[in-house]
Amino acid sequence: MDSLISNFWGYLHLYQSKMPRIIICGIVIELLFLLIQKMGYLKYKNKSFLTSFCGLLLSVSIAWVINVTILGRTPEIEFAFRFQPFGSYIEAVREENVEVLLQIIMNVVMFVPIGLFLPCCFEKFEKNKVLFVTMLACSGGIELIQGVMKIGMCELDDVLGNVIGAEVGFLIWWGSRYSERRKMERL
(Lines give C-alpha, C1' and ligand atoms only; values in the text may rest on other atoms or scores of the structure.)
Protein backbone atom coordinates (compact mmCIF):
# COMPACT_ATOMS: atom_id res chain seq x y z
CA MET A 1 0.00 0.00 0.00
CA ASP A 2 2.86 2.38 0.80
CA SER A 3 4.34 1.69 -2.63
CA LEU A 4 1.01 2.51 -4.28
CA ILE A 5 0.73 5.81 -2.40
CA SER A 6 4.31 6.87 -3.14
CA ASN A 7 3.89 6.03 -6.84
CA PHE A 8 0.60 8.00 -6.87
CA TRP A 9 2.34 11.08 -5.43
CA GLY A 10 5.05 10.60 -8.06
CA TYR A 11 2.43 10.73 -10.81
CA LEU A 12 0.91 13.87 -9.33
CA HIS A 13 4.34 15.51 -9.19
CA LEU A 14 4.89 14.60 -12.84
CA TYR A 15 1.57 16.21 -13.82
CA GLN A 16 2.34 19.32 -11.77
CA SER A 17 5.19 20.16 -14.14
CA LYS A 18 2.77 19.99 -17.09
CA MET A 19 0.21 22.39 -15.57
CA PRO A 20 1.04 25.45 -17.74
CA ARG A 21 0.55 23.40 -20.90
CA ILE A 22 -2.64 21.83 -19.49
CA ILE A 23 -4.07 25.26 -18.61
CA ILE A 24 -3.26 26.70 -22.04
CA CYS A 25 -4.80 23.66 -23.71
CA GLY A 26 -7.86 24.03 -21.43
CA ILE A 27 -8.31 27.66 -22.48
CA VAL A 28 -8.13 26.63 -26.15
CA ILE A 29 -10.74 23.91 -25.54
CA GLU A 30 -13.00 26.39 -23.72
CA LEU A 31 -12.70 28.78 -26.67
CA LEU A 32 -13.65 25.91 -28.99
CA PHE A 33 -16.69 25.17 -26.78
CA LEU A 34 -17.70 28.84 -27.01
CA LEU A 35 -17.24 28.84 -30.79
CA ILE A 36 -19.32 25.66 -31.16
CA GLN A 37 -21.93 27.20 -28.87
CA LYS A 38 -21.98 30.43 -30.93
CA MET A 39 -22.50 28.38 -34.09
CA GLY A 40 -25.50 26.74 -32.43
CA TYR A 41 -24.27 23.13 -32.39
CA LEU A 42 -24.03 22.82 -28.62
CA LYS A 43 -25.69 24.90 -25.93
CA TYR A 44 -24.83 25.43 -22.31
CA LYS A 45 -27.76 24.74 -19.99
CA ASN A 46 -27.93 28.32 -18.80
CA LYS A 47 -25.70 31.33 -18.50
CA SER A 48 -25.14 31.09 -14.74
CA PHE A 49 -21.78 31.53 -13.09
CA LEU A 50 -21.87 27.91 -11.87
CA THR A 51 -22.41 26.56 -15.39
CA SER A 52 -19.59 28.73 -16.75
CA PHE A 53 -17.28 27.63 -13.94
CA CYS A 54 -18.15 23.95 -14.56
CA GLY A 55 -17.47 24.55 -18.26
CA LEU A 56 -14.03 25.88 -17.44
CA LEU A 57 -13.34 22.89 -15.16
CA LEU A 58 -14.57 20.57 -17.93
CA SER A 59 -12.19 22.19 -20.41
CA VAL A 60 -9.23 21.84 -18.05
CA SER A 61 -10.21 18.19 -17.37
CA ILE A 62 -10.31 17.43 -21.08
CA ALA A 63 -6.97 19.21 -21.52
CA TRP A 64 -5.50 17.11 -18.70
CA VAL A 65 -6.66 13.90 -20.40
CA ILE A 66 -5.29 14.99 -23.79
CA ASN A 67 -1.93 15.98 -22.29
CA VAL A 68 -1.58 12.81 -20.24
CA THR A 69 -2.70 10.39 -22.94
CA ILE A 70 -1.51 11.94 -26.21
CA LEU A 71 0.51 15.17 -26.12
CA GLY A 72 2.64 14.31 -23.11
CA ARG A 73 4.01 11.10 -24.56
CA THR A 74 6.96 10.34 -26.77
CA PRO A 75 6.84 7.76 -29.55
CA GLU A 76 8.10 4.31 -28.67
CA ILE A 77 9.44 1.55 -30.85
CA GLU A 78 6.76 -0.82 -29.62
CA PHE A 79 3.51 -1.10 -31.60
CA ALA A 80 1.22 -2.87 -29.18
CA PHE A 81 -2.47 -3.62 -29.09
CA ARG A 82 -3.96 -5.54 -26.18
CA PHE A 83 -7.56 -6.59 -26.57
CA GLN A 84 -7.74 -9.14 -23.75
CA PRO A 85 -10.57 -7.96 -21.47
CA PHE A 86 -9.51 -7.51 -17.84
CA GLY A 87 -5.91 -8.54 -18.68
CA SER A 88 -4.33 -5.67 -16.74
CA TYR A 89 -6.74 -6.17 -13.83
CA ILE A 90 -5.72 -9.82 -13.59
CA GLU A 91 -2.03 -8.88 -13.88
CA ALA A 92 -2.36 -6.28 -11.11
CA VAL A 93 -3.99 -8.77 -8.73
CA ARG A 94 -2.09 -11.97 -9.54
CA GLU A 95 1.36 -10.46 -9.73
CA GLU A 96 0.65 -7.75 -7.15
CA ASN A 97 1.95 -5.25 -9.71
CA VAL A 98 1.60 -1.82 -8.08
CA GLU A 99 2.50 0.06 -11.26
CA VAL A 100 -0.29 -1.63 -13.26
CA LEU A 101 -2.75 -1.09 -10.40
CA LEU A 102 -1.86 2.61 -10.32
CA GLN A 103 -2.38 2.87 -14.09
CA ILE A 104 -5.83 1.30 -13.68
CA ILE A 105 -6.70 3.75 -10.90
CA MET A 106 -5.45 6.73 -12.93
CA ASN A 107 -7.48 5.61 -15.96
CA VAL A 108 -10.60 5.71 -13.81
CA VAL A 109 -9.77 8.93 -11.92
CA MET A 110 -8.86 10.80 -15.10
CA PHE A 111 -12.39 10.57 -16.51
CA VAL A 112 -14.41 11.21 -13.32
CA PRO A 113 -14.37 15.02 -13.76
CA ILE A 114 -15.50 14.71 -17.38
CA GLY A 115 -18.41 12.48 -16.40
CA LEU A 116 -19.30 14.96 -13.66
CA PHE A 117 -19.02 18.23 -15.59
CA LEU A 118 -20.51 17.23 -18.97
CA PRO A 119 -24.05 16.88 -17.59
CA CYS A 120 -23.51 19.99 -15.45
CA CYS A 121 -22.87 22.01 -18.59
CA PHE A 122 -24.87 20.40 -21.37
CA GLU A 123 -28.42 19.02 -21.25
CA LYS A 124 -27.56 16.54 -23.96
CA PHE A 125 -25.33 14.66 -21.51
CA GLU A 126 -27.96 14.40 -18.78
CA LYS A 127 -28.89 11.09 -20.36
CA ASN A 128 -26.51 8.37 -19.22
CA LYS A 129 -26.71 6.58 -22.57
CA VAL A 130 -25.42 9.64 -24.44
CA LEU A 131 -22.59 10.14 -21.95
CA PHE A 132 -21.69 6.43 -22.03
CA VAL A 133 -21.51 6.23 -25.84
CA THR A 134 -19.58 9.51 -26.06
CA MET A 135 -17.01 8.42 -23.47
CA LEU A 136 -16.70 5.01 -25.11
CA ALA A 137 -15.99 6.67 -28.46
CA CYS A 138 -13.58 9.26 -27.01
CA SER A 139 -11.64 6.74 -24.94
CA GLY A 140 -11.54 4.29 -27.85
CA GLY A 141 -10.25 7.08 -30.08
CA ILE A 142 -7.53 7.98 -27.59
CA GLU A 143 -6.42 4.35 -27.34
CA LEU A 144 -6.42 3.98 -31.13
CA ILE A 145 -4.30 7.12 -31.51
CA GLN A 146 -1.86 5.79 -28.89
CA GLY A 147 -1.54 2.47 -30.71
CA VAL A 148 -1.23 3.84 -34.23
CA MET A 149 1.15 6.67 -33.31
CA LYS A 150 3.18 4.31 -31.09
CA ILE A 151 2.86 6.58 -28.06
CA GLY A 152 1.43 3.91 -25.79
CA MET A 153 -0.34 0.61 -25.78
CA CYS A 154 -3.83 0.46 -27.29
CA GLU A 155 -5.55 -1.46 -24.52
CA LEU A 156 -9.19 -2.46 -24.07
CA ASP A 157 -8.83 -2.25 -20.28
CA ASP A 158 -7.92 1.44 -20.53
CA VAL A 159 -11.18 2.10 -22.37
CA LEU A 160 -13.02 0.17 -19.67
CA GLY A 161 -11.34 2.17 -16.90
CA ASN A 162 -12.03 5.49 -18.61
CA VAL A 163 -15.71 4.68 -19.11
CA ILE A 164 -16.02 3.50 -15.49
CA GLY A 165 -14.50 6.82 -14.39
CA ALA A 166 -16.96 8.81 -16.51
CA GLU A 167 -19.83 6.75 -15.10
CA VAL A 168 -18.64 7.43 -11.54
CA GLY A 169 -18.62 11.15 -12.34
CA PHE A 170 -22.10 10.86 -13.84
CA LEU A 171 -23.36 9.06 -10.72
CA ILE A 172 -21.95 11.84 -8.52
CA TRP A 173 -23.78 14.42 -10.67
CA TRP A 174 -26.98 12.37 -10.67
CA GLY A 175 -26.82 11.83 -6.90
CA SER A 176 -26.35 15.54 -6.21
CA ARG A 177 -29.18 16.39 -8.57
CA TYR A 178 -31.43 13.77 -6.95
CA SER A 179 -30.72 15.04 -3.43
CA GLU A 180 -31.32 18.62 -4.59
CA ARG A 181 -34.73 17.62 -5.99
CA ARG A 182 -35.60 15.81 -2.76
CA LYS A 183 -34.81 18.96 -0.76
CA MET A 184 -37.01 21.03 -3.07
CA GLU A 185 -39.89 18.55 -2.69
CA ARG A 186 -39.68 18.77 1.13
CA LEU A 187 -39.96 22.55 1.00
Side-chain angles (χ1 to χ4, degrees), residues 7-76 78 80 99 102-126 130-155 157-170 172-173:
N7 282 344
F8 180 75
W9 288 118
Y11 268 110
L12 288 181
H13 183 69
L14 174 68
Y15 297 142
Q16 182 182 7
S17 66
K18 296 179 182 186
M19 282 309 289
R21 182 171 61 185
I22 291 171
I23 290 171
I24 291 169
C25 188
I27 291 169
V28 169
I29 291 169
E30 182 63 22
L31 291 173
L32 286 174
F33 274 147
L34 294 173
L35 178 66
I36 291 169
Q37 179 185 0
K38 184 125 177 118
M39 295 170 66
Y41 293 116
L42 197 60
K43 293 183 179 158
Y44 276 128
K45 285 182 175 180
N46 53 41
K47 303 252 182 201
S48 72
F49 173 77
L50 183 61
T51 302
S52 299
F53 184 69
C54 287
L56 186 60
L57 291 175
L58 174 64
S59 297
V60 171
S61 299
I62 292 170
W64 178 39
V65 168
I66 290 170
N67 276 281
V68 168
T69 59
I70 297 172
L71 298 179
R73 296 187 173 208
T74 55
E76 301 170 3
E78 184 179 336
E99 186 65 31
L102 186 59
Q103 288 174 7
I104 292 167
I105 292 169
M106 291 304 290
N107 279 326
V108 173
V109 169
M110 209 169 28
F111 273 72
V112 170
I114 295 172
L116 174 64
F117 295 127
L118 269 174
C120 286
C121 297
F122 305 107
E123 285 181 23
K124 180 184 251 182
F125 295 102
E126 287 184 356
V130 174
L131 181 86
F132 179 83
V133 170
T134 303
M135 291 299 99
L136 191 63
C138 289
S139 180
I142 288 170
E143 290 302 312
L144 193 60
I145 289 169
Q146 285 180 348
V148 171
M149 294 181 69
K150 300 179 184 178
I151 55 174
M153 186 184 310
C154 178
E155 190 170 12
D157 286 350
D158 289 355
V159 175
L160 177 65
N162 296 156
V163 172
I164 288 170
E167 288 296 311
V168 167
F170 182 84
I172 293 169
W173 170 81

Applying side chain to side chain contact (heavy atoms under 4.5 Å, CB included), can you list everything that pairs with L160, at least two apart in sequence or on another chain? F86, Y89, I164
Decide yes or no for M135 and L118: does some side-chain heavy atom of the first lie under 4.5 Å from some side-chain heavy atom of the second? yes
Rounded to the nearest 0.5 Å, how far does CD1 of I23 lie from OG of S59? 12.5 Å
Non-neighbouring partners of T69 that pass side chain to side chain contact (heavy atoms under 4.5 Å, CB included), sequence neighbours left out: V65, M110, I142, Q146
Heavy-atom closest pair (F125 atom, T134 atom, distance to 0.1 Å) is CE2-OG1, 3.4 Å
One should read off an interatomic distance between E155 CD and Q103 CD, to the nearest 0.5 angstrom, of 8.0 Å
Closest approach of S61 and P113, non-hydrogen atoms and distance? OG-CB, 3.2 Å
Value rounded to 0.5 Å, distance of CZ in F53 from CZ in F117: 7.5 Å
Please tell me if the side chains of F33 and I62 come closer than 4.5 Å, counting only heavy atoms from C-beta onward. yes
Please enumerate all residues that pass side chain to side chain contact (heavy atoms under 4.5 Å, CB included) together with I24, with sequence neighbours excluded. none
Atom CD1 in I114, atom SG in C138: separation rounded to 0.5 Å? 8.0 Å
Show the nearest heavy-atom pair for residues T51 and C121, with the distance to one decimal. O-SG, 3.9 Å
Rounded distance (nearest 0.5 Å) linking atom CZ of F170 with atom CG of L131: 6.5 Å
Could you pull out all residues at least two apart from I172 that satisfy side chain to side chain contact (heavy atoms under 4.5 Å, CB included)? V112, L116, V168
In Å, rounded to the nearest 0.5 Å, how long is the span from SG of C25 to CD1 of I66? 5.0 Å
With sequence neighbours excluded, tell me which residues meet side-chain hydrogen bond (donor to acceptor under 3.5 Å, both in side chains) with S139. N162
Under the side-chain contact (heavy atoms from CB on, under 4.5 Å) rule, what do V163 and F111 come out as? Steps first, then yes or no, please. CA-CA 7 Å; V163 172; F111 273 72; over 6 Å; no
Which residues pass the side-chain hydrogen bond (donor to acceptor under 3.5 Å, both in side chains) test with E143, not counting sequence neighbours? none
